[in-house]
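Okay, so here's the structure we're looking at.
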Amino acid sequence: MNRSHNNGQLRSENIGNKVSLVGWVAKKRNLGSLVFVDLRDRYGITQLVFGEELNDLASSLRNEYVIAVEGEVIERESKNKNLPTGDIEIKVAKLDIINTAETTPIIIADETDALEDTRMKYRYLDLRRPTMQQNLIVRHNIVKSIRNYLDGLDFVDVETPCLIKSTPEGARDFLVPSRVHQGEFFALPQSPQMYKQLLMIAGLERYYQIARCFRDEDLRADRQLEFTQVDVETSFLSQDQIIELAEGMLKKLMKDIKNIDVKIPFKRLSYQEAMSRYGSDKPDTRFGLELVDVNNVMSKLEFTVFQDVLANNGAIKGINIEGQAGNYSRKGIDGLTDFVKKHHAKGLAWVKVINGCLEGSIAKFFTEETTNELVDVMSAKDGDLLVFVSDLEEEIVCDSLGNLRNHLAKELNLIEPNTFDFLWVVDFPLFEYDKELDRYFAKHHPFTRPIDAHLDTFDTNPKEAIAAAYDVVLNGFELGGGSLRIYEGDLQKRMFKALGMSNEQIRNQFGFFVDAFKYGTPPHGGFALGLDRVAMLLLDKPSLRDVIAFPKAASSSDPMSEAPGAVDTAQLDELGIKLK
RNA sequence: GGUCUGGUGGUGUAGGGGUUAACAUGCCGCUCUGUCACAGCGGAGAUCGCGAGUUCAAAUCUCGUCCAGACCGCCA
């Protein structure tokens with residue numbers, strides 16, 4: 001198809017040009033013998049005007065017809081300053097209708113009133129909306145910026161396989177049956193973790209990949225079954241050097257995409273500090289509402305609930321919701337209580353500070369002295385609302401208040417738009433204890449290196465062991481993370497043992513990996529960045545679905561293709577699979 | 001697996017025991033030479049997600065079921 005220009009291109013300096021354009025009919029305005037058509041393509045909208053001689057044909061146009069026109073660029077009698085091409089229009093001399101279109105189920109415009117459901121079913125029409133195309137283009141530019149950055153630093157893009165061995169640590173694997181080896185399965189990678197480490201053993205030194213990863217877990221607005229990671233691994237670099245590398249990448253990205261200069265180095269918080277101040281290992285640091293430890297003052301109250309909790313090594317923390325005493329009625333506070341209960345808190349105690357005195361659910365337990373102490377420790381003043389959660393498990397206190405923080409920030413509009421607050425969370429625990437299974441699991445993954453100080457003791461004192469692991473957090477979302485890896489074979493074996501694996505299990509699952517470590521493994525480490533989340537945050541979208549071309553719905557299926565679907569028995573027979 | 005919310009013309013909503021099922025937009029037709037959310041007039045389009053039940057009567061109440069979304073569990 002010959003086109004001389006695209007639909008976002010023509011300006012008043014083109015007046016008099018003979019042009020040919022193609023695109024979709026976005027809108028027709030029929031004034032009788034005069035017909036206007038907005039012609040849309042990827043690049044924008046150009047107004048076409050049809051005179052009497054083409055009136056019949058132009059009148060037959062419907063929305064979303066694909067057409068080609070030839071004509072002359074003329075100055076508009078009345079200009080539209082909302083449109084880049086609004087000074088001109090095309091006086092059409094020739095109109096070809098290339099294809100017709102039925103009425104679309106959703107309106108093809110930036111603003112659609114269609115619900116998620118309908119948009120997903122007709123995703124190809126949803127993606128025809130300029131705003132969705134813009135999202136995909138920005139995503140492309142993000143990838144381009146990252147590739148440019150890494151290419152400039154000598155990184156090599158290597159593809160790793162999608163059909164791999166299942167290693168059932170962490171999330172559930174997607175399994176793919178093998179036809180040739182009946183009864184055996186490949187797994188889709190949750191990340192290219194072992195392969196990128198093998199590439200370091202191979203001596204590539206600097207690897208990256210825009211890698212598709214798969215996890216068979218339930219979806220959320222910020223979680224998909226398949227997602228894309230910027231996967232990076234390096235040899236011979238320290239933790240600080242890797243963090244600098246990632247910071248440089250993100251700094252360039254923010255400049256390239258948002259034209260924002262972010263300051264490096266980013267803030268750093270230890271895991272401990274993040275949890276105690278924000279109740280989260282991915283805190284949103286764009287606003288205050290920090291958690292305050294109030295064990296001391298609360299222990300002085302004649303309040304049995306708190307006394308019981310403290311007597312049994314529990315925790316009490318509070319948040320000062322500044323200036324909001326007047327804005328939260330009993331009912332409003334009930335709403336907050338329901339919210340923390342969803343996160344397993346048993347309740348929400350509260351007091352309002354009014355004229356230096358306390359009012360509210362636990363006010364009667366305070367003396368003048370303890371009131372002053374509380375006001376002091378919470379940095380409270382008149383008009384503040386103080387809320388508290390107590391529990392035997394500190395984790396529940398932190399988690400519920402951490403979530404309440406985010407909830408309050410939204411409810412009270414505390415977040416300044418277009419702010420990007422990057423932060424590293426470091427010094428993660430190496431292990432996580434599972435109460436039900438009564439054993440330790442790797443918090444990150446089993447290849448994560450303990451910090452040097454804990455190399456001797458991580459397996460004898462797993463509770464205290466700290467990992468050389470780091471997460472980068474943006475606005476309350478975990479963008480990515482990484483670690484230094486274990487590069488000594490015997491250390492890796494000790495790690496597997498600490499995770500409760502027998503020699504046989506190690507052999508079966510990680511034999512090839514352990515073997516590789518024997519032949520000169522360099523110190524290495526890296527990180528991975530969730531590309532979809534980066535795109536979501538930079539585009540300020542509430543869901544990953546807005547930045548993935550063909551995402552899955554929350555029900556783990558695709559409303560458009562209706563995948564997953566049943567397969568016929570011949571296919572199953574070939575695979576040796578019988579359904580129950 | 002669990003909790004909550006929702007499902008009504010193509011799309012988005014209102015209605016919550018008796019209605020001609022309302023509104024907006026979209027769609028179709030007619031009129032119109034300066035529109036750009038064109039305007040004016042006319043019109044078509046809904047077995048109210050599905051299945052049972054209660055009732056003289058169900059979009060409306062009850063139960064079940066399916067679908068969608070948010071959240072919890074799960075998940076880096």
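The sequence lines fix the lettering, A, B, ..., with proteins before strands; numbering per chain opens at 1.
- In terms of the side chain to side chain donor-acceptor pair (under 3.5 Å) criterion, Ser191(A) has no residue partners (sequence neighbours excluded).
- Comparing the same atom, P, in rU62(B) and in rG6(B) gives a spacing of 12 Å after rounding to whole Å.
- Every ring-ring contact (aromatic ring centres under 6.0 Å, His included) that His343(A) has, sequence neighbours left out, goes to Phe339(A).
- With sequence neighbours excluded, no residue forms a salt bridge (Lys or Arg N to Asp or Glu O under 4.0 Å) with Arg220(A).
- Here the separation of rC38(B) from rG1(B), taken at their P atoms, is 47 Å to the nearest Å.
- Taking the nucleotide of RNA chain B with the nearest heavy atom to each of Pro105(A) and Phe428(A), the more 5' of the two is matched to Pro105(A).
- The stretch residues 26-33 of chain A touches RNA chain B through Lys27(A), Arg29(A), Asn30(A), Leu31(A), Gly32(A), Ser33(A), each having a heavy atom under 4.0 angstrom from the strand.
- Applying the side chain to side chain donor-acceptor pair (under 3.5 Å) test to Glu75(A) and every residue at least two apart in sequence or in another chain returns Lys79(A).
- Heavy-atom contacts of chain A under 4.0 Å fall on RNA chain B between two terminal nucleotides, which in 5' to 3' order are rG1(B) to rA76(B).
- Residues of residues 79-88 of chain A that place a heavy atom closer than 4.0 Å to RNA chain B, in numerical order, are Lys79(A), Asn80(A).
- The salt bridge (charged side-chain N to carboxylate O under 4.0 Å, His left out) analysis of residues 395-408 of chain A, with sequence neighbours excluded, yields no pairs.
- Ring planes of Trp424(A) and Tyr470(A): perpendicular class, angle over 60° (limits at 30 and 60°).
- Judged as a side chain to side chain contact (heavy atoms under 4.5 Å, CB included), and not counting sequence neighbours, the contacts of Gln134(A) are Ile137(A), Val138(A).
- Cation-pi contact between Arg119(A) and Tyr122(A): absent, since separation from the ring centre below 6.0 Å together with deviation from the ring axis within 45° is not met.
- Among pairs with a residue in residues 542-561 of chain A, none fulfils ring pair (Phe, Tyr, Trp, His ring centres under 6.0 Å), at least two apart in sequence or across chains.
- A stem is defined here as three or more consecutive Watson-Crick or G-U pairs, each with both distances under 3.5 Å; for RNA chain B these stems are B:1-7 with B:66-72, B:10-13 with B:22-25, B:27-31 with B:39-43, B:49-53 with B:61-65.
- In this view, Lys267(A) and Asp421(A) satisfy the side chain to side chain donor-acceptor pair (under 3.5 Å) rule, not counting sequence neighbours.
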